[in-house]
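Below is one structure, written out as structure tokens; comments come after it.
It should be emphasised that the depicted structure is a prediction, and the values quoted were computed from it without experimental measurement. We count residues from 1, following the sequence as given.
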Amino acid sequence: MISIGLLIIRLIVGLLFVGHGAQKLFGWFGGYGIKGTGGWFESIGMKPGITMALFAGLAEFIGGILFALGFLTPLAAIIIAGTMVMAIVKVHGPNGLWATANGYEYNLTLIAVSIGIVFTGPGKYAIDAFLF
């Protein structure tokens, strides 16, 4: 039963990250694509904006796929946690903890989930379990 719980966590968190990456990279799911996201990144001081949007989109997209599959799970978790640390530092941190004030509550939760999976392992329904 624990492995099913870990699978659910990995799938939900991982696929949501894939979606966020697709928003940045392709403009899917209501996203703004590379140019739009790059422009916003420039506006908050992340330059060059398009390059930073590409890196952020790839990190979320690839990290999310790896996490959902349970493949190279520690690497996937580091990628996810790293993107959330950047989101806290560049966007949400100054607003305090609570999401109701656009704070970093959700980002911190995702960091805890991704790093927690590293310490528990991805479960038996993960590619890592078959390979390692």
Side-chain angles (χ1 to χ4, degrees):
M1 288 304 222
I2 290 173
S3 287
I4 291 172
L6 293 169
L7 175 64
I8 291 168
I9 291 167
R10 284 194 352 266
L11 284 174
I12 297 298
V13 172
L15 292 176
L16 287 173
F17 267 90
V18 170
H20 278 281
Q23 288 176 320
K24 290 174 180 68
L25 295 171
F26 314 119
W28 297 352
F29 312 117
Y32 299 104
I34 292 285
K35 287 186 180 180
T37 304
W40 181 71
F41 277 13
E42 289 265 345
S43 77
I44 63 169
M46 296 179 69
K47 297 178 182 179
I50 290 176
T51 302
M52 297 305 288
L54 176 64
F55 288 156
L58 287 172
E60 291 175 352
F61 194 79
I62 294 168
I65 289 171
L66 294 174
F67 199 75
L69 294 174
F71 180 54
L72 304 175
T73 307
L75 175 63
I78 289 168
I79 293 169
I80 287 171
T83 61
M84 291 299 93
V85 168
M86 285 303 297
I88 291 169
V89 169
K90 296 304 280 182
V91 179
H92 300 284
N95 301 320
L97 176 63
W98 303 111
T100 51
N102 198 30
Y104 60 91
E105 171 186 8
Y106 182 63
N107 310 103
L108 186 60
T109 300
L110 291 169
I111 291 168
V113 167
S114 63
I115 299 303
I117 293 289
V118 171
F119 287 107
T120 63
K124 67 181 179 181
Y125 303 114
I127 292 176
D128 286 349
F130 297 107
L131 296 177
F132 305 112

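- The two residues Asn107 and Ala87 make their nearest non-hydrogen contact at ND2-CB, 3.7 Å.
- Counted within 6.0 Å of CD1 on Ile2, heavy atoms from surrounding residues, nucleotides or ligands total 12 or fewer; the atom is thus considered open.
- A continuous path of Ile, Leu, Val, Met, Phe, Trp and Tyr side chains, each step under 4.5 Å between heavy atoms, connects Ile4 with Val113, placing both in one hydrophobic cluster.
- Closest approach of Lys124 and Ala129 over heavy atoms only: O-CB, 3.7 Å.
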Pairs under 3.5 angstrom only: tabulate donor-acceptor contacts from the side chains of residues 69-82 to other protein residues two or more places apart or in another chain.
| unit_1 | atom_1 | unit_2 | atom_2 | d |
| --- | --- | --- | --- | --- |
| Thr73 | OG1 | Gly70 | O | 3.3 |
| Thr73 | OG1 | Asp128 | OD2 | 2.6 |

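- Contact record, Asn102 with His92: O-ND1, 3.0 Å, taken as the closest heavy-atom pair.
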Would you mind writing out the side-chain donor-acceptor pairs for residues 27-48 within the sub-3.5 Å range, not counting sequence neighbours?
| unit_1 | atom_1 | unit_2 | atom_2 | d |
| --- | --- | --- | --- | --- |
| Thr37 | OG1 | Gly33 | O | 2.8 |
| Glu42 | OE2 | Gly49 | N | 2.7 |
| Ser43 | OG | Trp40 | O | 2.6 |

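- Of all heavy-atom pairs spanning Glu105 and Trp98, the tightest one is OE1-CE3, 3.5 Å.
- Taken from CE in Met52 to CE in Met86, the straight-line distance is 5.5 Å, to the nearest 0.5 Å.
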Before giving the answer on side-chain contact (heavy atoms from CB on, under 4.5 Å), spell out for Thr83 and Leu110 the whole-Å C-alpha distance, their side-chain angles and the decisive distance to 0.1 Å.
CA-CA 10 Å; Thr83 61; Leu110 291 169; over 6 Å; no
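- Using a 4.5 Å cut-off between side-chain heavy atoms of Ile, Leu, Val, Met, Phe, Trp and Tyr, with links allowed through other members, Ile62 and Val118 fall into different hydrophobic clusters.
- By the 6.0 Å contact criterion, CZ on Phe119 is open, its count of non-hydrogen atoms from other residues, nucleotides or ligands being 12 or less.
- Side-chain heavy atoms closer than 4.5 Å link hydrophobic residues (I, L, V, M, F, W, Y) into clusters, and following such links, possibly through other members, connects Val85 to Tyr106.
- Taken together through direct or relayed side-chain contacts under 4.5 Å among Ile, Leu, Val, Met, Phe, Trp and Tyr, Val18 and Phe55 form parts of separate hydrophobic clusters.
- Looking at Ile88 and Ile111, their side chains come closer than 4.5 Å, going by heavy atoms from C-beta outward.
- The CD1 atom of Ile12 sits 9.5 Å away from atom CG of Leu7, with the distance rounded to the nearest 0.5 Å.
- Listed here is the closest heavy atom pair of Pro94 and Val91: CD-O, 3.6 Å.
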Quick one, Leu6 with Tyr125, criterion side-chain contact (heavy atoms from CB on, under 4.5 Å). Give me CA distance, side-chain angles, the key distance, then yes/no.
CA-CA 8 Å; Leu6 293 169; Tyr125 303 114; over 6 Å; no
